[in-house]
Engineer: 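Please read through the structure below; I'll follow up with questions.
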Amino acid sequence: MGNQVEKLTHLNYKEVPTADPTGMDRDEGPRIGVSYIFSNDDDELEQQQDSVHDLGSEHPALQPYDPQLHEVECSVYYRDECIYQKSFSEEDTVPEEGDEGGGGHLSTYTPENLLNRCKPGDLVEFVCQAQYPHWVVYVGDFQVVHLHRLEVVNSFLTDASQGRRGRIANRLYRYKPLSPAVVVRNALDQVGCKDRDLSWRNSECFAAWCRYGKREFKIGGELRIGKQPYRLQIRLGDKRSHTLEFQSLEDLIMEKRRNDQIGRAAVIQELSSHLQAAEEEEEEEEDHHHPGARTAVE
């Protein structure tokens, strides 16, 4: 096995320690996230696609993709500062010119349509049901640079999309961006980098680093010691959310991408099962410490 690390699996939220059993926004106690040390998650995407293609010469018909149905609404905080937000609510969504779907900057388009919207330095996120999002940096002349199968490559946007719909993702992260020329140079300078020379765990971390230049997007860019300064707030519904804490942005992005891959319904089901179990344990403890309380009330 050498120096390789065996791949770990994240089973469900019941295994994640938390002090937020009700799912409400509270500041009482830590909600601890998961630390990931396994390989690039975009490799899993490619393996899934290859296995589907091997089933037959004709590709299976894809269901219409509805971002509001499949994607998880969430916010990311570093201490008290919101550094990322994905929300479909009207107060958080600003319509864009030519947007017919009402989703503002989260609307998705065909690769051909995206070519008419992209400018050098833009980040593009390709999305599809049951797959990890794939991020690329548009560098002009219909081309993008992206982390693909453990190598930074230069491709045509339409090829990099692999038929998926996409969106311009400049407004998801709230860091101050570098100039378009610097973003493009950052991306092109890394073309050909692969395997052990890579400093990014997935396509999103690579693309975000190109645009914002922050070391937090790199592997090992932060020390994982002390209190978890990052919070991933997952919106479950009206006025309900669940929060996980992480020691690094890299770990948080891995969890966020896992949620995107399994989909909104599965995430809510996982959290609901976990929260229900936590509530039942809390009720049992209360009954154990105050056995006469229920009788007295009745």
Side-chain angles (χ1 to χ4, degrees), residues 5-41 72-87 92 133 135 172-177 199-202 204-209 211-237 239-262 267-268 270-282 285-286:
V5 180
E6 287 187 342
K7 186 172 185 178
L8 306 181
T9 55
H10 178 78
L11 299 179
N12 55 57
Y13 277 96
K14 190 173 182 180
E15 299 179 357
V16 180
T18 176
D20 188 20
T22 64
M24 302 301 291
D25 298 336
R26 295 180 178 177
D27 292 326
E28 302 170 2
R31 279 82 65 189
I32 304 174
V34 180
S35 178
Y36 293 86
I37 61 173
F38 51 79
S39 62
N40 182 295
D41 56 10
V72 179
E73 293 184 88
C74 64
S75 299
V76 175
Y77 293 88
Y78 177 72
R79 305 193 189 281
D80 295 326
E81 177 187 4
C82 181
I83 60 174
Y84 174 102
Q85 185 175 51
K86 178 186 286 186
S87 174
D92 297 325
W135 288 55
L172 290 175
Y173 284 98
R174 297 189 170 186
Y175 294 122
K176 181 179 179 180
S199 298
W200 309 272
R201 198 175 292 277
N202 52 61
E204 179 174 344
C205 286
F206 170 72
W209 174 83
R211 182 170 174 83
Y212 304 106
K214 299 186 74 66
R215 61 183 174 85
E216 288 86 342
F217 290 109
K218 288 189 170 185
I219 295 174
E222 297 175 281
L223 295 176
R224 294 180 174 88
I225 59 175
K227 179 178 172 59
Q228 291 83 6
Y230 291 95
R231 290 181 289 128
L232 174 62
Q233 185 180 80
I234 302 170
R235 186 175 299 181
L236 302 178
K239 298 181 180 180
R240 295 197 71 222
S241 65
H242 186 73
T243 302
L244 295 173
E245 290 190 349
F246 297 82
Q247 288 183 321
S248 73
L249 182 59
E250 177 190 359
D251 289 342
L252 185 149
I253 290 175
M254 293 292 288
E255 174 67 12
K256 179 175 69 67
R257 289 173 62 78
R258 188 196 77 94
N259 291 344
D260 289 334
Q261 191 266 333
I262 66 175
V267 171
I268 291 178
E270 279 189 2
L271 286 172
S272 297
S273 300
H274 167 66
L275 296 176
Q276 182 178 359
E279 289 173 353
E280 291 175 354
E281 290 180 5
E282 190 176 78
E285 290 181 1
E286 290 180 357

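All residue numbers refer to positions in the sequence shown, counting from 1.
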Engineer: How many angstroms lie between CD in Glu250 and CZ in Arg201, if you round to the nearest 0.5 Å?
Structural biologist: 4.0 Å
Engineer: What is the distance from atom CD of Glu270 to atom CD1 of Ile234, rounded to the nearest 0.5 Å?
Structural biologist: 9.0 Å
Engineer: Could you check whether Trp200 and Phe206 have their ring centres less than 6.0 Å apart?
Structural biologist: yes
Engineer: Ignoring hydrogens, what is the shortest heavy-atom contact between Tyr212 and Tyr175? Give both atom names and the distance.
Structural biologist: CE2-O, 3.3 Å
Engineer: In Å and rounded to the nearest 0.5 Å, what is the CZ to CD1 distance from Phe246 to Ile253?
Structural biologist: 10.5 Å
Engineer: Considering all heavy atoms of both residues, which atom of Cys74 and which atom of Lys256 are nearest to each other, and what is their separation?
Structural biologist: SG-CD, 4.0 Å
Engineer: Could you tell me the separation between the CG atom of Leu252 and the CD atom of Gln228, rounded to the nearest 0.5 Å?
Structural biologist: 11.5 Å
Engineer: What distance do Ser75 atom OG and Arg174 atom CZ have between them, rounded to the nearest 0.5 Å?
Structural biologist: 7.0 Å
Engineer: Output all residues satisfying salt bridge (Lys or Arg N to Asp or Glu O under 4.0 Å) with Glu73, sequence neighbours left out; order by chain, then residue number.
Structural biologist: Arg235
Engineer: Does some side-chain heavy atom of Trp135 sit less than 4.5 Å from a side-chain heavy atom of Cys205?
Structural biologist: no
Engineer: How long is the gap from CZ on Arg231 to CD on Glu81, to the nearest 0.5 Å?
Structural biologist: 11.5 Å
Engineer: What's the verdict on side chain to side chain contact (heavy atoms under 4.5 Å, CB included) for Tyr173 and Arg211, showing C-alpha distance, side-chain angles and the deciding distance?
Structural biologist: CA-CA 10 Å; Tyr173 284 98; Arg211 182 170 174 83; over 6 Å; no
Engineer: For the backbone of Leu249 and the side chain of Glu222, can you confirm whether one donor and one acceptor N or O come within less than 3.5 Å of each other?
Structural biologist: yes
Engineer: For the residue pair Tyr78 and Tyr230, categorise the inter-ring angle as parallel (less than 30°), tilted (30 to 60°) or perpendicular (more than 60°).
Structural biologist: tilted
Engineer: Report the residues that fulfil salt bridge (Lys or Arg N to Asp or Glu O under 4.0 Å) with Lys218, sequence neighbours left out, ordered by chain and then residue number.
Structural biologist: none
Engineer: Within the 4.5 Å heavy-atom criterion, are Asp260 and Lys86 side-chain neighbours or not?
Structural biologist: yes
